**Q** 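One structure follows; several queries about it will come next.
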Protein chains: 2
Amino acid sequence: MTDLNNFFKSAFTVDNVIFGFDEADLKVLLIKRGEEPYKDTWALPGYFVYPNENLDEAAGRVLEELTGLRNVFLEQVKTFGAVNRHPFGRVITVAYFSLVKINAYNVQAASIASDAEWHSVSDVKDLPFDHMEILQACFNRLKWSIRTRPVGFELLPPKFTLTELQHLYEAILETPLEKRNFRKKILSMNLLIDLEESQEGVAHRPARLYQFDPEKYRQFLSEGFIFELKETKKRDNRRKLQEV
Amino acid sequence: MTDLNNFFKSAFTVDNVIFGFDEADLKVLLIKRGEEPYKDTWALPGYFVYPNENLDEAAGRVLEELTGLRNVFLEQVKTFGAVNRHPFGRVITVAYFSLVKINAYNVQAASIASDAEWHSVSDVKDLPFDHMEILQACFNRLKWSIRTRPVGFELLPPKFTLTELQHLYEAILETPLEKRNFRKKILSMNLLIDLEESQEGVAHRPARLYQFDPEKYRQFLSEGFIFELKETKKRDNRRKLQEV
DNA sequence: AGAATTAGTGTAAAAAATACACATTTAAAG
DNA sequence: CTTTAAATGTGTATTTTTTACACTAATTCT
């Protein structure tokens, strides 16, 4: 342990699964690799961790270089270090996922934006290295996070409708939800501010706009409540016929 | 990325939070450090990851060296890599937790057993490096795991009573549970085999012995059911007085 | 035989989840 | 101006789950 610097040579990276939500689809930001191996293929953005940099900082830096965004939701998920995961040597990578408001994503501000593109998560079928596994792990974590913490709002604009929120949940959980029950559940938590404004420019009855209130959430927690949307459990719950 | 071997020098370790359950107390296995820094203080067991070794393998190796046990529950939790977490240089560590049947723990088989000792988790107040933070992260993960997957059985002998199981849940969740409701919930999942045997050598009515059935759990999952004990939610649920 | 100790159970009330159908509001089309 | 299309928004009965609560049963020890 005293001879740390010569113990063995390995490389340390962070990979960042950046999620965005665009109307009806959950997206992930991929970059076209500029270097071997796998030059010119779409892959998860990642980079080395610098010696003077904490892991979270490295992940935040990757994110900022790509999107121009700071202070967005970022969370460590899992570390991948299979011996042969990188053809050029031992590379251990810490996977993070982040949630960004896709509209705030600014191509101009991003230093390597020309090589970055949003892809629908459901369309991403193969990625180099073990990136499919990393993406899956992060997606699974997101599914869990959205049920147990109010993180969905990170993916929506500050003002949103309940239908948009429901579509977001449906896209992430990959299951349809019942409109009334969803609204009842969400509104009963009392975490949203009803802005008493309406959508504009839609060709139908405009929906009410809401805003997530972090202050209300702090209070909610301090009162011992728990944010939780139940995992959909298989059950035959059809209303039974009445006997006469 | 092509010059991996010279990018920067860092050390890679795994730390393993090994949990055991002894009658009424959740325990963690600590070792007395034989080297600087923090020589002779109790710390989490950890070691370098070898160049030819996957992360899970490294964690399994640490576990086997310490306990003589193989094929026990082991799961990655989080990676800790703060720049200054180790006084001698940059050391990034992947934290795992494992669950062992404390009775199966064999001092003889463990190569460094003389320096290892079980400590009650609730008594562990300070540990070197960021080990308190690592312990806390693993304990939190255990709390979550025991509610959402049938992992509690890993900590109990193959045959156990429902009271033992309840005490285990109470120790991990750090909250008292109501006997009848706990039993009803557990038994309703149909994951246990009633061995139709009883405890022996106790000075009171002996309890029935049960066994966890992994096969039943596979079927349970395949039928779309979900293992879940609700997180205790604050609620004033006292029965209201009847009006006459 | 009786005391001590823990195991084991039944049920009513409250809360939460589920299933289901229609009226409302707006813009667009005619 | 009227009608149509499209999505919003709401109420309630049923079922399931959770919760609270108190007594009897089985065994050992004295």
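Chain naming here is simple, since letters A, B, ... match the order of the sequence lines and numbering starts at 1 in each. All values derive from a computational prediction rather than experimental measurement. Computation of the quantities below employed the complete heavy-atom set of this structure, encompassing side-chain atoms and omitting hydrogens, waters and symmetry-equivalent molecules.
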**Q** How are the rings of A:Y217 and A:F212 set relative to one another: parallel (under 30°), tilted (30 to 60°) or perpendicular (over 60°)?
**A** tilted
**Q** Expressed in angstrom and rounded to an integer, what is the separation of B:Q166 atom CD from C:dT9 atom P?
**A** 14 Å
**Q** A:E231 has an atom CD; how far is it from atom P of D:dT17, in whole Å?
**A**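 In whole Å, D:dT17 P and A:E231 CD are 15 Å from each other.
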**Q** Please state how far atom CZ in B:F182 lies from atom P in C:dG8, giving the value in whole angstrom units.
**A**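 These atoms are roughly 13 Å apart.
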**Q** Base of D:dT19, side chain of B:K184 - is there a donor-acceptor contact under 3.5 Å?
**A** yes
**Q** Within this structure, what is the NZ-to-P distance between A:K230 and D:dT16, rounded to whole angstrom?
**A**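 Whole-Å distance recorded here is 12 Å.
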**Q** What nucleic acid atoms does A:E178 come within less than 4.0 Å of, heavy atoms only: base, sugar-phosphate, or nothing?
**A** base
**Q** Is B:E228 salt-bridged to A:K230, going by a charged N under 4.0 Å from an acidic O?
**A**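 Salt bridge absent between B:E228 and A:K230.
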**Q** Of the candidate nucleotides D:dC21, C:dA7, D:dG9, which contains the atom at the shortest distance from the side chain of B:R183?
**A**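 Side chain of B:R183 sits closest to C:dA7.
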**Q** With ring centroids as reference points, do A:F139 and A:F97 lie under 6.0 angstrom apart?
**A**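 Ring centroids of A:F139 and A:F97 are no less than 6.0 Å from each other.
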**Q** Between protein and nucleotides 22-30 of chain C, map the contacts as a letter string: B base, S sugar-phosphate only, - none, heavy atoms under 4.0 Å, written 5' to 3'.
**A** --BBBSS--
**Q** Can we call the ring centroids of A:F160 and A:F153 under 6.0 Å apart?
**A**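 A:F160 vs A:F153: aromatic centres under 6.0 Å.
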**Q** Report the C-alpha separation of B:V94 and B:Q76 in whole Å, then their side-chain angles, then the decisive distance to 0.1 Å, and conclude whether the side chain to side chain contact (heavy atoms under 4.5 Å, CB included) test is met.
**A** CA-CA 7 Å; B:V94 185; B:Q76 196 194 111; 3.5 Å; yes
**Q** Output yes when B:E196 and B:R208 qualify as a salt bridge under the 4.0 Å nitrogen-oxygen rule, no when they do not.
**A** no
**Q** Choose from D:dT8, C:dA17, D:dC21 the nucleotide whose nearest atom is closest to any side-chain atom of A:K185.
**A** C:dA17
**Q** Quick one: is the NZ or CZ of B:K78 closer than 6.0 Å to the six-membered ring centre of B:F80, and within 45° of its axis?
**A** yes
**Q** Would you mind reading off the distance between A:E228 atom CD and D:dT17 atom P, rounded to a whole angstrom?
**A** 15 Å
**Q** Can you check the B:H167 NE2 to C:dA7 C1' distance for me, whole Å?
**A**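 The answer, rounded to whole Å, is 11 Å.
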**Q** Please state how far atom CD1 in A:I186 lies from atom P in C:dT18, giving the value in whole angstrom units.
**A** 14 Å
**Q** For A:T161, report the nucleic acid contact type (base, sugar-phosphate, nothing); a contact means any heavy atom under 4.0 Å.
**A** nothing
**Q** What is the separation between atom CZ on A:R208 and atom C1' on D:dA7, rounded to the nearest whole Å?
**A** 15 Å
